[in-house]
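The block underneath contains the structure these notes are about, expressed in structure tokens.
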Amino acid sequence: MSQSEFIIEYLFPQDFKIRPCIGCQQCFIRTRCVQKDDLSLLQEKILSADLFVIASPVYLHYMTADLKLILEKSSWWAHTLRLQGMPVVILSTCGTNGHHTVINALSQIMNFMGGNVIAKSNAAQFPDQINNERWLKEVASEITHRIIKYTDKHPQSNKYLEQVFVTLNGQ
């Protein structure tokens with residue numbers, strides 16, 4: 001697949017009306033949230049994609065509250081491996097630090113949900129990566145290469161998640 005063949009849809013948490021989790025745990029039984037909100041619409045869009053790019057600025061050394069709410073209300077996906085080998089790209093931005101707390105947390109969550117994290121990157125204001133055209137082009141080129149490589153393949157197993165099962169079996 002060439003770069004020009006991708007259809008890109010940008011989705012922003014604030015564009016969806018998503019109610020806070022009430023902790024009823026019905027999503028684990030029914031494999032959907034029982035609340036009437038826009039979560040199922042957002043989830044359908046994610047699941048119908050060939051690639052999932054998830055991004056967040058760093059807020060207090062973590063992802064935004066809106067994004068965390070979506071992930072919390074989708075927590076049953078981790079029990080069912082709902083992303084089933086979908087290629088995932090993780091991005092963040094920050095002022096100076098904290099990017100690892102966002103990138104690592106999102107990577108772990110995507111792995112738990114069965115996603116295959118193929119690339120991750122953070123752009124910081126200091127050092128000046130956000131306005132550094134050369135740096136941005138290099139990172140964008142590498143991520144584009146990985147996207148093209150992995151979207152041409154069938155969904156792949158997640159080596160980090162597989163390691164959990166190998167460890168549990170004592171191998």
Heavy-atom closest contact ([X] atom, [Y] atom, distance):
X	Y	result
N131	D128	N-OD1, 3.2 Å
C33	L39	CB-CD2, 3.9 Å
V117	M110	CG2-CB, 4.0 Å
N122	Q129	O-OE1, 3.7 Å
P87	T151	CG-CG2, 4.5 Å
G115	L83	N-CB, 3.7 Å

Hey, quick one: are [X] and [Y] part of the same hydrophobic cluster, counting side-chain heavy atoms closer than 4.5 Å, chains of contacts allowed?
X	Y	value
L67	Y59	no
F12	I8	yes
L91	I118	yes
W77	I22	no
F52	L47	yes

Please tell me if the side chains of [X] and [Y] come closer than 4.5 Å, counting only heavy atoms from C-beta onward.
X	Y	result
M113	R82	no
E142	E138	no
L69	P13	no
N104	K120	yes
S74	Q43	yes
F112	S75	no

Counting distance only, does the side-chain N/O of [X] pair as donor-acceptor with the main-chain N or O of [Y] below 3.5 Å?
X	Y	answer
N116	G85	no
S141	K137	no
Q35	I18	no
S56	T64	yes
K73	R19	yes

Rounded distance (nearest 0.5 Å) linking atom [atom1] of [X] with atom [atom2] of [Y]:
X	Y	atom1	atom2	answer
R134	L136	CZ	CG	12.0 Å
S92	I54	OG	CD1	11.5 Å
L11	L41	CG	CG	8.5 Å
R30	C24	CZ	SG	8.0 Å
I90	M63	CD1	CE	9.0 Å
Q125	I130	CD	CD1	4.5 Å

Output side-chain donor-acceptor pairs under 3.5 Å for residues 93-102, partner residues at least two apart or in another chain, one line each.
| unit_1 | atom_1 | unit_2 | atom_2 | d |
| --- | --- | --- | --- | --- |
| T101 | OG1 | H61 | O | 2.5 |
| T101 | OG1 | G98 | O | 2.5 |

Practice task
Show your working on side-chain contact (heavy atoms from CB on, under 4.5 Å) between L71 and L106 and close with a plain yes or no.
Solution key: CA-CA 9 Å; L71 294 173; L106 285 174; 3.6 Å; yes
Problem - Stepwise side-chain contact (heavy atoms from CB on, under 4.5 Å) test for I70 and F16 - result: CA-CA 10 Å; I70 291 165; F16 295 86; 6.0 Å; no
